**Q** 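I'd like to ask you about the structure that follows.
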Amino acid sequence: MIRTGDVYFDSEEFRNILSTFEESFNSGHPAFMDADDLADIADYYHINGYDDKASEVIEYALSVYPNATQPNVFKARQALTDGDIDLAKECIEQIESKDDPDYHYMQAELLIAQEREDEADAYLRDYFMTVPPEEYEDFIMDVANIYFAYELSDKAYEWLMRSKGNDSNAFKELMGHALFGIRNYKECKRIFTELLDEDPYSTQYWDSLANAQFLDKDYMGALTSCDFSLAINPEDTDALMTKANVLYQTGNYEEAIRYFDRYATVNHSDELCLLHKGSCLVNLNRHEEAIEVLQQALALCGTDSSPLLQIYQEIALCYSALQRKDEAISYIDKALDLKCDSIEILVLKGHVYLENDCVDEAEKVFRNAIKRSQNDPLTILRIIISLYENRYVRAAYDLFQKFFSIFPTEDHKLAYSYMALCCWDLGFTEDFLYYLRMAVENDPQEARLVLGRLFPEELAAKDYYSYIYHKLKQ
């Protein structure tokens, strides 16, 4: 039996129910079981990736209990996942007990699945008026979970705020996830820290804290949380992936590859893992290896897979670095055929031309990108960075000066680190010190990624300016 992290599914009670069912079902004489138990077994199979088994159990449950609530709820939800609205409606109407809260929850889910969210919310508010006061808190949490299932964290948060003061760990965990969904990472971290004070051996809490820390750019904190989670369960996939992503984000590419490989031994056939590993290899200039890994990722992608765009871009960068321009451009054109930010891809196309000494073609593509973006500062900044990376340092320096004079201060933050690099390469010491100070004050993480090679690895980005100032003035 697979451990799931779910209290009930990992309990001895459920273990016995599952064992009894499997033994009897495999013998060809299924034991008489409660409809809810059968639905639980199907849910267990589903969360462990055995969807065929789950469907088999549900069809058996419905053959015995055609009007039972939970088997019909399970089948209706699966139909909504598959986009089969008519089948979902049939299953919901098949439910005999129209007073069952799950019947009403499914009516709301049916509306949400049809993108009629306001109607769903109105339906739930109306039903809320009929709920006994002693059931308010459970109802609020049930509704929040429905919205989480459809990635509507703002709605989940709105319902959780209706609570009259629920201090249960289950409620706190839901609130933590809602805060994560609305990007309030600081409050999210506070809640999961509180939960860990009560249950320091919960890998789910450590993983949730690590994710919030990662997105809040608290990278050292995220690494610590991942290490605690992995000490409890060395095969925790969330912790392995988060730690690998933190290491990648902080430029520790070799170590990141090690953790992406560890993740892959537990969770096979994951195109995102292969994509991220390929990106590490690109940053290590191991382009032939990167292409091999990225092609593996590509083989796992469907035509509408979300990582497809980035895989095309990474492969294009590899071929470009190997001076195989035509192959690089072919992958950029594949990317342009997708529904995507075509302006960003155009900048990449210009970069490939520039890297392969096709200056006229690069200029033409860059001008087109600027025009189509309506002089968007981020697009212009990407083009200037491409000039720098292709060693047109003086041209990049001159364009950065124009950039700072034209665009408002809030658009400058990402430019400071690269301008500092230009000044360093050109030997403009005073300008270098000025832009270095602006870089570390405005975005220390970006400063570390861009400028870190100029400083000792153990030195914090906030100390870059004082370190180099005293060194240069000696």
Side-chain angles (χ1 to χ4, degrees), residues 1-12 14-15 18-19 43-51 53 169-170 172-173 176-177 180 185 188-189 191-281 283-284 286 289-290 292-293 296-297 300 307 457-458:
M1 178 176 171
I2 301 169
R3 293 193 67 81
T4 65
D6 182 277
V7 174
Y8 177 63
F9 286 153
D10 292 340
S11 69
E12 190 67 27
F14 179 73
R15 186 184 298 270
L18 178 64
S19 178
D43 197 31
Y44 169 82
Y45 285 142
H46 171 67
I47 66 173
N48 285 295
Y50 301 117
D51 288 331
K53 279 189 174 183
N169 284 355
K172 288 180 182 178
E173 184 176 357
H177 291 310
F180 182 89
Y185 302 124
C188 174
K189 289 192 294 183
I191 285 179
F192 281 107
T193 300
E194 283 184 11
L195 288 168
L196 283 163
D197 287 340
E198 296 186 37
D199 185 2
Y201 294 100
S202 169
T203 56
Q204 289 176 307
Y205 293 166
W206 282 118
D207 292 344
S208 296
L209 177 59
N211 281 324
Q213 289 167 324
F214 174 57
L215 290 177
D216 200 34
K217 296 186 177 181
D218 177 9
Y219 296 132
M220 292 306 296
L223 287 174
T224 300
S225 295
C226 289
D227 286 341
F228 274 113
S229 187
L230 292 170
I232 299 164
N233 177 11
E235 295 188 344
D236 186 292
T237 53
D238 285 342
L240 288 169
M241 180 58 80
T242 301
K243 183 163 185 177
N245 284 330
V246 172
L247 291 165
Y248 171 83
Q249 195 65 37
T250 53
N252 296 310
Y253 303 119
E254 292 281 9
E255 191 71 359
I257 289 171
R258 195 164 72 84
Y259 277 89
F260 284 129
D261 285 343
R262 279 184 61 181
Y263 175 90
T265 62
V266 181
N267 194 351
H268 306 289
S269 303
D270 187 316
E271 61 266 36
L272 268 176
C273 176
L274 290 166
L275 165 60
H276 293 155
K277 180 181 176 180
S279 298
C280 289
L281 292 165
N283 281 283
L284 291 168
R286 291 157 58 181
E289 292 176 68
E292 183 179 346
V293 171
Q296 292 171 18
L300 295 173
E457 187 175 345
E458 67 277 6

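The shown structure was predicted, so the numbers you read here are calculated from the model rather than taken from an experiment. Numbering starts at 1 and runs along the sequence shown.
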**Q** Can you find a pair of side-chain heavy atoms, one from Met241 and one from His276, that are under 4.5 Å apart?
**A**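 Yes, side chains in contact.
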**Q** Regarding Asp10 and Arg15, does a basic nitrogen lie under 4.0 Å from an acidic carboxylate oxygen?
**A**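 Salt bridge between Asp10 and Arg15, a charged N being under 4.0 Å from a carboxylate O: no.
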**Q** Would you compute the distance between atom OH of Tyr185 and atom CG of Leu215 and round it to the nearest 0.5 angstrom?
**A**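 Answer for the OH-CG pair, Tyr185 versus Leu215, is 4.5 Å.
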**Q** With a 4.5 Å heavy-atom cut-off, do Ile257 and Asp261 have their side chains touching?
**A**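 Side chain of Ile257 against side chain of Asp261, heavy atoms only: contact under 4.5 Å found.
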**Q** Scan side-chain atoms only and decide if Asn267 and Thr237 contain a donor-acceptor pair under the 3.5 Å cut-off.
**A**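 No donor-acceptor contact under 3.5 Å links the two side chains.
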**Q** Assess whether a salt bridge exists between Lys172 and Glu198, defined as any Lys/Arg side-chain N lying under 4.0 Å from an Asp/Glu carboxylate O.
**A**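 A salt bridge links Lys172 with Glu198.
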**Q** Any donor-acceptor pair under 3.5 Å linking the side-chain atoms of Thr203 with those of Asn233?
**A**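 The answer is no; no qualifying pair exists.
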**Q** Quick one: side chain to side chain donor-acceptor pair (under 3.5 Å) partners of Glu255, sequence neighbours excluded?
**A**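 Side chain to side chain donor-acceptor pair (under 3.5 Å) check on Glu255 returns Arg258.
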**Q** Verify whether the ring centers belonging to His177 and Phe192 lie closer than 6.0 Å.
**A**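 Ring centres of Phe192 and His177 closer than 6.0 Å.
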**Q** Does a side-chain N-to-carboxylate-O contact under 4.0 Å join Glu292 and Arg286?
**A**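 Here Glu292 does not pair with Arg286 in a salt bridge, since their nearest N and O are not under 4.0 Å apart.
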**Q** To check you understand the geometry: which heavy-atom pair defines the closest contact between Gln213 and Ser225, and what is its length?
**A**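 In terms of heavy atoms, the two residues are closest at OE1-OG, 2.7 Å.
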**Q** Drop me the distance from Trp206's CH2 to Thr242's OG1, to the nearest 0.5 angstrom.
**A**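 Rounded to the nearest 0.5 Å, the CH2-OG1 separation comes to 13.5 Å.
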**Q** Side-chain contact test, heavy atoms from C-beta onward, threshold under 4.5 Å: evaluate it for Lys243 versus Ser229 and give yes or no.
**A**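 In short, these two side chains do not touch, never coming nearer than 4.5 Å.
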**Q** Can you check whether Asn245 reaches Phe260 side chain to side chain, under 4.5 Å on heavy atoms?
**A**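 They are in contact (side-chain heavy atoms under 4.5 Å apart), so the answer is yes.
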**Q** Is the shortest side-chain heavy-atom distance between Tyr248 and Ser279 below 4.5 Å?
**A**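 Sidechains of Ser279 and Tyr248: in contact.
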**Q** Just by distance, no angles: are the side chains of Tyr205 and Asp199 close enough, under 3.5 Å, to form a donor-acceptor pair?
**A**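 No, Asp199 and Tyr205 have no side-chain donor paired with an acceptor closer than 3.5 Å.
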**Q** If we only count heavy atoms from C-beta on, is the Phe9 to Ile47 side-chain gap below 4.5 Å?
**A**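 Answer yes - side chains close enough.
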**Q** Residues two or more places apart in sequence or in another chain: which of them pass side chain to side chain donor-acceptor pair (under 3.5 Å) with Glu457?
**A**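 Residues passing side chain to side chain donor-acceptor pair (under 3.5 Å) with Glu457: none at all.
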